[in-house]
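Chain letters run A, B, ... following the sequence lines, proteins first and then strands; every chain starts at 1. Computed from a prediction, not measured in an experiment: that's the story for all the values here.
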Amino acid sequence: MPYQLLSEPIRRYIRDKRWESLRPIQGAAIQHILSSDSNFILASRTASGKTEAAFLPILSKVDFRETGVQVLYISPLIALINDQFYRVEELCKNLDVKVTKWHGEANRTEKKKLVQKPEGIVLITPESIEAMLVNAPYSAKALFSNLKYIVIDEIHSFLGTDRGIHLKSLLARLGAVNKTSFRIVGLSATIGDYSEAKKFTGDEVNTKVLLDRSSREMTTCFRYFESDTQELPLEMVKDLYTQTWNHKVLIFPNSRGRAEEIAVKLLKISQRVGGHPNYFSHHSSVDKEVREYVEHFAKHNRRHNFCISCTSTLELGIDIGSVDKVVQVDATHSIASLIQRVGRSGRREGEKSQLLLYATDKWSLLQSLACWLLYKEGYIEPFRTAEKPYDLFLHQALSTVKERSGCTKDELIATMKSNYAFSEIEDQAMQDILDELIRQDWLEQVHRELIIGVEGERMVNSREFYSVFKTEPSFKVVNAGKPIGEIPLTPQVMEDENILLAARIWKIRFVDFKTKKIEVVPAVDGKKPLFLGGGGTVDAKVREKMLEILYADAQYPELDEEGLDKLAELRKDFAIFPLRDFAKERPVLVKDGQIIFYTFTGTRINRSLAFLLNRLDLKHVYDEQSSSFILSINHDLLQELFEQLSLFIEDVDFHLQHALEDNASLLDFSKWGLMLPLQYKGNILEERFYDFKGVNILLSNMLFVSNNTVSLLRSADKLANPH
DNA sequence: GACCTGCTGCGGACTG
């Protein structure tokens with residue numbers, strides 16, 4: 001019995017709580033964590049008690065009388081730390097264990113106290129670990145050199161991302177200052193690739209996955225309302241109102257502008273028909289206090305219905321109470337994201353989740369359906385972890401030099417080589433990058449010591465140094481001294497224009513460029529705000545599923561009549577291509593001297609294909625949503641074109657470097673890549689932004705089936721592989 | 001038409 005294995009204070013906690021039984025993931029975690037010294041990944045659906053699953057055995061096992069922080073909990077969000085703080089403190093109530101929040105908005109006095117007397121449990125963000133290593137390496141050592149466990153919450157949010165590589169490097173650096181090695185426990189509801197999650201601990205062999213596959217029952221319904229303007233169809237908004245007015249709802253419309261449009265329009269309808277006033281918007285551009293108010297409202301009210309129109313800010317972790325309906329407007333970019341969003345409803349025991357999926361366009365409907373079917377099949381897209389993150393190496397090398405107040409180049413390289421986040425980076429590359437940093441005055445060689453250079457000081461001492469992701473500059477929006485939120489400066493932002501923000505309509509009175517403030521007053525009608533920024537990338541498997549649906553006979557009872565009609569229409573459009581093998585064949589529409597080439601593949605491959613067509617100077621129209629390319633060439637020349645593109649792939653390094661010289665903004669995805677030697681800039685672009693291997697496979701293995709002939713085009717098999 | 005995440009140290013004003 002897992003319960004019997006726990007220490008007495010922890011058993012007392014469970015008795016006091018009157019829990020009838022432990023959840024499956026908790027039972028498994030207690031048995032395994034208490035009986036072995038492995039690292040663990042705990043994978044189980046949202047609201048299944050993962051935090052307790054990790055902490056019940058850890059609190060039973062660890063001797064908190066030792067000095068130094070014993071357990072470090074790492075979270076991707078401040079809001080999640082604040083939420084978990086109460087739960088962890090509650091878990092510790094029968095133990096004499098101090099719990100401390102450590103992030104940019106946490107109480108400084110508490111942090112100071114902890115430095116004077118390092119003990120207990122600390123809840124922290126990756127950026128705060130970075131800041132501590134750089135600014136106060138002695139405190140970092142005093143606090144974190146006797147760690148027994150590191151718990152990483154929402155670990156999937158780090159996998160395959162730059163922030164994840166950063167965290168991996170920080171874990172390696174913490175490992176280096178610890179007397180004995182610590183164990184890592186990662187928590188997540190959505191993991192597609194367990195081997196990636198295991199590698200994250202730096203010790204794949206010694207990391208075990210505890211998995212509870214059970215899911216909650218759910219009813220799903222698709223609704224189709226075609227939109228031919230920028231705005232959502234009025235009928236759709238009305239339908240959305242009737243579907244949600246008497247529920248506690250989260251609506252995910254994929255963009256901040258849309259989130260505002262929906263919140264404002266629903267509120268208008270509600271005011272007209274005398275419904276409830278609790279319509280909110282929640283995303284990164286809404287003021288923090290407004291967001292906290294909304295979260296608090298959702299969490300603490302039981303009687304009132306509400307409706308929050310939001311982006312991925314409400315996708316992770318934070319428990320916002322009882323939501324009984326989740327609405328997704330147009331397809332999610334990933335299945336992982338769909339799972340997280342679905343998991344936001346029916347968090348109370350015995351509750352059924354309800355999912356409503358709107359589509360405003362046929363391709364969006366098809367993608368939405370594909371994501372839903374893949375989700376039911378248990379597929380989650382795998383992550384691509386960068387093997388050679390030269391830009392993050394550069395950042396961490398600077399950080400390490402600053403942490404040590406200087407060291408020799410050999411010492412630095414030895415340290416970086418022992419860091420498992422950079423184990424695939426070649427010695428020569430490390431030398432080249434450090435030499436470039438010296439040339440650019442970011443590092444300076446004084447006798448045998450490397451120290452931070454004049455230019456480097458500015459970077460290392462700026463607030464921006466602690467994170468590895470970029471953010472857009474924005475203006476504060478203020479009404480009568482009260483902050484509403486922040487928006488980027490787009491052409492739309494000028495005096496007398498109306499905007500939507502925080503679920504209200506505003507007129508811009510004054511834009512102050514000096515203090516970066518926008519003064520607004522309430523208004524009655526306005527446009528949704530424009531936001532900059534890139535979207536997500538769609539996995540190739542989703543597109544393959546879309547193709548499969550087009551050629552299947554299956555009918556989907558979840559679809560409404562309009563959705564079924566639209567699907568039938570799409571199927572009819574594609575029936576002209578005699579496709580048989582969906583793994584190997586793709587449609588090509590020949591029409592009026594043009595061809596439309598449907599790749600049905602992931603965003604990265606499409607993006608790479610577009611890059612190659614640009615290098616070839618071939619005019620084309622690339623549409624990501626339908627995964628297609630319109631080319632004004634004769635259909636007979638297609639094979640020749642593919643051969644040409646494949647030749648370009650052989651020289652892709654050359655083309656990437658040339659493209660970078662013409663257009664430096666290609667590297668916008670990387671915050672710390674700007675100082676890399678050109679060759680390595682090309683490398684990170686190739687590895688993290690494009691997928692030329694995928695293009696090669698597409699061009700060389702696929703059969704392209706056109707509508708007017710039965711002739712099959714096969715591009716040459718003999719194409720050389722660039723790698 | 002397309003998301004999100006985090007952040008130090010110091011000086012000065014103010015409060016108890």
CZ-CD1 distance between A/Arg458 and A/Ile452, expressed to the nearest 0.5 angstrom = 13.5 Å

Could A/Glu562 and A/Lys566 be called an ion pair, given the rule that one side-chain N must be under 4.0 Å from one carboxylate O?
-> no

Produce the list of close N/O pairs, under 3.5 Å, pairing protein atoms with atoms of nucleotides 7-10 of chain B; give distances to one decimal.
from, atom 1, to, atom 2, distance (Å)
B/dC7, OP1, A/Gly104, N, 3.1
B/dC7, OP1, A/Thr125, OG1, 2.6
B/dC7, OP1, A/Ser128, OG, 2.4
B/dC7, OP2, A/Gly104, N, 3.1
B/dC7, O2, A/Arg463, O, 2.7
B/dC7, O2, A/Arg463, NE, 3.0
B/dC7, N3, A/Arg463, NH2, 3.3
B/dT8, O4', A/Tyr466, OH, 3.1
B/dT8, O3', A/Asn135, ND2, 3.1
B/dT8, O4, A/Arg463, NE, 3.4
B/dT8, O4, A/Arg463, NH1, 3.2

What is the nucleic acid contact for A/Ser467, judged by heavy atoms within less than 4.0 Å: base, sugar-phosphate only, or nothing?
-> base

Give each protein N/O atom lying under 3.5 Å from an N/O atom of nucleotides 12-16 of chain B, with the pair distance.
none

Between A/Lys265 and A/Glu261, is there a salt bridge with N-O shorter than 4.0 Å?
-> yes

Separation of B/dG6 atom P from A/Glu154 atom CD, nearest Å, is 13 Å

Could you tell me how the ring of A/Phe280 sits relative to the ring of A/Tyr293: parallel (under 30°), tilted (30 to 60°) or perpendicular (over 60°)?
-> perpendicular

Would you sort out whether A/Gln84 and A/Thr51 count as a side-chain hydrogen bond (donor to acceptor under 3.5 Å, both in side chains), showing the intermediate values?
-> CA-CA 8 Å; A/Gln84 296 283 44; A/Thr51 309; 3.0 Å; yes

Once you round it to whole Å, what is the distance between P of B/dC3 and CD of A/Glu381?
-> 18 Å

Nearest whole angstrom, please: distance from the P of B/dG6 to the CG of A/Asp162.
-> 16 Å

When you get a sec, tell me which of B/dC4, B/dG6, B/dA2 is the closest nucleotide to the side chain of A/Ser312?
-> B/dC4

Hey, does the side chain of A/Thr313 come within less than 4.0 Å of B/dC4's phosphate (OP1/OP2), counting only N and O?
-> no

Whole-Å gap separating C1' (B/dC3) and CD (A/Gln340) = 14 Å

Rounded off to whole Å, could you give me the CD1-to-C1' distance for the A/Ile81 and B/dT5 pair?
-> 12 Å

Here the distance between atom C1' of B/dT5 and atom CD1 of A/Ile74, to the nearest Å, is 15 Å

May I ask you to decide if the ring planes of A/Phe669 and A/Phe689 are parallel, tilted or perpendicular, using 30° and 60° as cut-offs?
-> parallel

Start with the C-alpha gap between A/Arg384 and A/Glu687, add the side-chain angles, then the distance that decides, and say whether salt bridge (charged side-chain N to carboxylate O under 4.0 Å, His left out) holds.
-> CA-CA 9 Å; A/Arg384 252 171 50 144; A/Glu687 185 178 30; over 6 Å; no

Results of side chain to side chain contact (heavy atoms under 4.5 Å, CB included) for A/Glu624 - residues two or more places apart only = A/Val538, A/Arg543, A/Thr603, A/Asn606, A/Tyr622

Could you state the CZ-C1' distance from A/Arg344 to B/dC3, rounded to the nearest angstrom?
-> 16 Å

What is the distance from CZ of A/Arg163 to P of B/dC3, rounded to the nearest Å?
-> 18 Å

Salt bridge between A/Arg256 and A/Glu472, side-chain N to carboxylate O under 4.0 Å?
-> yes

